[in-house]
Amino acid sequence: MSETETRAAVPAPRAEEKPLLKVEGLVKHFPLKKGLLQRQVGAVKAVDGIDFEVRRGETLGVVGESGCGKSTMGRLITRLLEPSGGRIEFDGQDITHLNTSGMRPLRRDVQMIFQDPYGSLNPRHTIGTIVSAPFKLQGVEPEGGVKKEVQRLLELVGLSPEHYNRYPHEFSGGQRQRIGIARALALKPRMVVADEPVSALDVSIQAQVVNLMDDLQDELGLTYVIIAHDLSVVRHVSDRIAVMYLGKIVELADRDALYQSPMHPYTKALLSAVPIPDPRRRGAKSERILLKGDVPSPISPPSGCRFHTRCWKATEVCRTTEPPLAELKPGQRVACHHPENFEDQQPQDVVLLTAAKEAGELVPDEVLAQSAETSAAVAAEVEAAEKAEAPAEGPAETEVAKETGDK
Amino acid sequence: MISYIIRRTIAAVILLLVVTAVTFGIFFILPKLAGQTADQLAQQYIGKNPTPEDIAAVKANLGLDQPVYVQYWEFIKGIVSGATYDLGPTTVQCNAPCFGYSFKDHLEVWPQLTERLPVTLSLAVGAAVLWLVGGIAAGVVSALKPGSFFDRSAMGVALAGVSLPMFFTGQLALLLFSYELEIFGRTYVPFTENPSQWANTLFLPWCSLALLYSAIYARLTRSGMLETMNEDFIRTARAKGLRERKVVVRHGLRAALTPLVTVFGMDIGLLLGGAVITETVFSLHGIGEYAVQSITANDLPPILGVTLLAAFFVVFMNLVVDLLYATIDPRVRLS
Amino acid sequence: MTELSKTGAAVGEPVRSGDAPDAFLEVRDLKVHFPTDDGLVKSVDGLSFQLEKGKTLGIVGESGSGKSVTSLAIMGLHRLGARGKNVRMSGEIWLEGKELVSASPDEVRRLRGREMAMIFQDPLSAMHPYYTVGSQIVEAYRVHNDVDKKTARRRAVELLDRVGIPEPDKRVNNYPHEFSGGMRQRAMIAMALVNNPELLIADEPTTALDVTVQAQILDLIRDLQKEFGSAVIIITHDLGVVAEIADDILVMYGGRCVERGPVDDIFYQPQHPYTWGLLGSMPRIDREQTDRLIPVKGQPPSLINVPAGCAFNPRCPYADVPKDNVTRTERPDLREVGGRHFTACHLSQEDRTRIWNEEIAPKL
């Protein structure tokens with residue numbers, strides 16, 4: 001089955017269909033202790049209030065730079081970590097604070113694939129033991145016996161059933177990742193969370209594993225959450241993509257919308273930074289947005305919009321008010337006061353921060369002009385639409401925009 | 001940093017209290033649990049054929065008829081502020097830190113310890129210098145040429161050094177060099193009196209002790225060095241064009257030796273609490289020998305004193321090691 | 001960029017061995033073999049290329065293809081350390097008219113860090129954790145320059161400033177762990193450039209970094225190259241990186257060069273099935289991909305048992321196209337297939353053109 005068909009097969013979200021996973025206000029703070037009495041003096045705000053949902057049968061990609069909290073998020077939704085706050089709902093059931101025994105049935109439904117195909121397999125166990133471990137842990141006796149089922153799984157992931165009695169060190173990186181996948185699929189999970197599943201692999205092998213995961217999704221109707229830093233891989237595998245920055249989701253959108261017209265300046269900068277394997281587009285590197293400095297510390301993230309210290313569009317409101325993750329276009333949620341490719345949410349706010357001035361120096365003029373243009377064009381369009389529709393009710397976001405504009 | 005030291009010191013004091021409590025418990029409570037009465041205990045300390053008066057005197061003197069916690073409290077108080085013993089006609093003032101009196105020779109414990117400490121200190125420090133130089137040098141050379149003749153013979157000697165017991169190598173050395181060849185003296189002379197004589201008599205104990213330890217240190221250095229020389233930063237140092245010697249010493253050794261600091265601190269701490277076998281073999285009147293004497297005589301106050309002193313050294317050296325570590329490795333933050 | 005590849009004689013037929021070439025850097029038939037208990041590891045097995053000053057060569061390949069060993073061999077670093085004691089090496093490496101394979105270790109050492117410098121993949125482990133960033137740069141400067149510490153320190157601050165470290169006079173006293181990943185790589189670059197080397201080798205310089213930082217570092221390398229006019233070898237597995245920065249590309253497989261040529265040729269007229277495989281397995285960020293990725297089947301070869309004939313034959317979908325089983329018996333030579341574009345493949349020119357145009361290009 002080709003990928004286009006797969007994608008087409010993913011049903012558009014109907015209102016009555018509940019998402020498989022629903023996350024609301026999820027928070028994970030790792031406390032920092034200090035001093036004579038080991039008082040808590042602060043916390044690493046790894047995940048700091050995120051909302052999203054994963055629909056049945058889709059692939060949600062999660063991207064962001066190291067330290068943005070994407071891996072912590074993965075461990076929270078698989079409940080390998082205990083959330084500090086918020087709510088996680090899997091298939092309608094609240095799993096936020098389930099204890100180990102309460103989690104047992106869930107462990108069948110939700111599985112995880114890890115980055116390091118070397119570190120996640122016990123070198124002293126045979127492949128058979130490793131892949132059959134989930135059956136033993138869950139006390140499940142598959143039809144036809146464990147061994148037969150394990151051999152079927154090995155075949156499913158493209159390994160030979162004869163590998164049953166071999167040890168992990170006899171396999172290459174790509175094959176080990178296949179073993180990890182076989183183990184994850186043993187109990188027929190409904191959702192698989194994969195944390196950097198291919199980043200440790202060579203390019204040619206990476207493609208093998210990506211294709212395998214694709215095929216398995218078709219065959220078994222899996223739902224994936226794929227966490228990765230490689231934006232090309234994420235574009236290839238995902239239906240929808242969440243962009244994280246410093247413990248927050250800054251943009252959550254359908255794949256094509258996100259890659260073709262990103263709305264958050266951070267998303268735009270991130271996409272523009274990816275080197276394009278096309279030497280003729282070297283001239284296009286003038287579009288590249290170089291971000292100033294490094295990601296701030298998650299211990300004391302910037303106030304307001306966390307990206308304002310590196311954003312060339314930042315204004316005073318960005319420093320003081322945290323923008324909500326709002327659905328500005330159908331299927332595209334953004335947390336920004338001054339989104340790209342859309343009308344400005346805070347047009348009256350013009351005070352440029354010094355940080356923004358510095359950041360702006362690194363951004364090519366074309367990009368600045370272009371983003372101003374698109375925002376202006378969209379604003380004009382909206383205005384025209386408003387005139388035509390007024391006083392009939394317009395989309396919620398234009399009303400909000402109008403209100404702020406009228407102030 | 002300051003807060004760290006304070007916290008560690010408090011922890012150390014608590015630890016030492018626990019050590020005293022446990023030692024105290026073993027020698028005072030366990031016999032009682034085993035059914036011995038205070039009378040019987042007191043009798044043990046006096047020797048054969050005690051009169052009831054003697055027993056009563058010892059009992060009162062030691063407070064054996066008092067509850068255990070009172071006895072323990074008195075003991076701790078003695079260490080901190082000194083104690084006064086009422087021996088009937090006379091009272092004896094025991095100045096702080098007072099570890100009491102030996103039951104056997106009735107000498108005060110603390111002066112005994114301070115008198116013997118220089119002997120143990122001389123032995124430990126001298127041996128440490130020898131084993132550090134020998135062990136690390138052998139380990140480094142072995143690591144730079146793994147599998148070479150030197151490496152294999154050095155590691156062979158190291159294996160022998162670890163496996164041969166001190167009372168064998170020590171006795172042998174004593175017999176050969178001291179009794180037969182009469183090169184080295186056998187009576188300890190304090191450094192302050194005659195340094196060369198001091199070194200002369202201590203040479204054999206140093207070497208015997210150092211043989212054991214340098215074997216361990218050679219192996220530790222070798223494995224640490226082998227690992228470090230494969231690190232990326234060694235490659236960087238070479239890529240700068242540094243001479244290999246500088247790469248090894250400035251970049252390799254510094255990183256490879258850091259873990260040794262921990263081991264060394266522990267070893268010195270332990271040795272200062274008495275190098276029991278070495279002191280016995282070479283008849284050095286140090287802390288270790290004192291401990292052996294007291295234990296065989298079931299003489300409680302010296303045992304308590306030695307235990308506490310040994311524990312103090314271990315705890316103290318641990319703190320020193322941690323502080324040292326933070327200065328060597330800037331990544332370690334003490335807070 | 002096309003003008004560059006026309007004028008820059010960065011890739012060409014190597015001169016017959018023995019005499020000094022005109023090229024700034026020329027590697028001829030380089031072989032680096034490591035005897036191990038399991039057998040002879042042929043990390044690099046007959047590699048040749050040339051590089052001019054001011055040009056950038058990208059060496060592309062998967063792990064174990066020999067790309068890192070090549071760079072270490074040029075630097076003379078593979079001979080040092082426990083593993084280097086019994087390395088077997090042959091061929092020639094000419095740097096500015098000096099031959100390095102036959103040179104004494106001390107001669108090579110004196111060139112290292114001065115004429116040729118290197119930056120590594122993981123800047124955290126590549127810097128000594130116990131010394132400040134400044135003192136490590138000072139050390140690199142004073143190896144080759146007889147100056148006092150104060151002068152060297154001024155030089156270190158100057159370089160840190162040049163590579164874009166804010167407040168360099170303060171940061172010079174920081175330890176590597178107090179820098180962020182991007183800052184550390186900048187500091188590594190400062191350390192490598194402190195003696196104005198004419199050859200800079202960057203081994204996966206951005207692999208350990210985030211994409212936004214990667215963009216900054218690539219930019220920096222490009223700017224510095226323009227400023228210093230040095231030759232740069234960039235080793236990477238990321239075709240995006242070489243497309244951004246390289247003038248010429250050398251594709252390695254199993255310790256050998258399978259294809260090399262100007263960057264445009266490699267991307268738009270690739271000739272070797274392995275290069276096709278690399279291009280096909282790469283997910284693209286710049287375009288909508290309707291089809292599945294086209295992976296290279298199988299696993300990379302063992303360097304102890306490199307397949308006979310063409311090393312790529314077990315994984316090559318076209319291994320049976322040439323007649324007489326030649327792909328499994330005969331090792332293909334590197335042949336020129338166009339201006340300065342070379343490939344080592346038994347497929348005929350017609351077959352290659354046909355397969356590329358009909359089967360590969362439409363799917364990319």
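Chain A is the first sequence line, chain B the second, and so forth, proteins listed ahead of strands; every chain is numbered from 1.
Each of Leu231(A), Val209(A), Leu271(A) has some count of heavy-atom pairs under 4.5 Å with chain C, and the biggest count is that of Leu231(A). Between chain A and the options Val296(C), Val213(C), Leu209(C), the largest number of non-hydrogen pairs under 4.5 Å is found for Val296(C). Counting heavy-atom pairs under 4.5 Å between each of Pro166(C), Pro300(C), Ser63(C) and chain A puts Ser63(C) at the top.
Between Arg284(C) and Ser232(A), every side-chain heavy-atom pair lies at or beyond the 4.5 Å cut-off. The shortest side-chain heavy-atom distance between Gln299(C) and Ile205(A) falls under the 4.5 Å cut-off. Glu65(A) is listed as a side-chain neighbour of Thr212(C), based on a closest heavy-atom distance under 4.5 Å. Annotation: side chain of Asp278(A) is not in contact with side chain of Phe267(C) (no heavy-atom distance under 4.5 Å).
In this structure, chain C has no heavy atom under 4.5 Å from any part of Asp230(A). Residue Tyr274(C): no heavy atom, backbone or side chain, is found under 4.5 Å from chain A. Heavy atoms closer than 4.5 Å to chain A are found in the backbone of Ile245(C), but not in its side chain.
Side-chain atoms of Tyr268(C) come within 3.5 Å of backbone atoms of Arg280(A) as a donor-acceptor pair (strictly under, hydrogens ignored). Between the side chain of Asn211(A) and the backbone N or O of Leu293(C) there is at least one donor-acceptor pair closer than 3.5 Å. Although no hydrogens or angles enter the test, the distance criterion places no donor-acceptor pair under 3.5 Å between the side chain of Asp202(A) and the main chain of Glu62(C).
Remark: Gln214(C) pairs with Pro275(A), Thr206(C), Leu218(C), Asp238(C), Val241(C) by the side chain to side chain contact (heavy atoms under 4.5 Å, CB included) rule, at least two apart or across chains. Among residues two or more places apart in sequence or in another chain, the salt bridge (Lys or Arg N to Asp or Glu O under 4.0 Å) test is passed with Glu170(A) by Arg166(A).
Residue Lys297(C) holds its NZ atom at 12.5 Å from OG of Ser204(A), rounded to the nearest 0.5 Å. Atom CZ of Arg292(C) sits about 4.0 Å away from atom CG of Asp215(A), to the nearest 0.5 Å.
No side-chain donor from either of Ser281(C) and Gln206(A) sits under 3.5 Å from a side-chain acceptor of the other.
Residue Glu244(C) comes nearest to Val274(A) through the heavy atom pair OE2-O, 4.5 Å, listed as atom of the first residue, atom of the second, then distance. When all heavy atoms of Pro279(A) and Asp264(C) are compared, the closest pair comes out as CB-OD1, 3.5 Å. Nearest heavy atom pair, residue Gln208(A) against residue Gly298(C), reads NE2-O, 3.1 Å.
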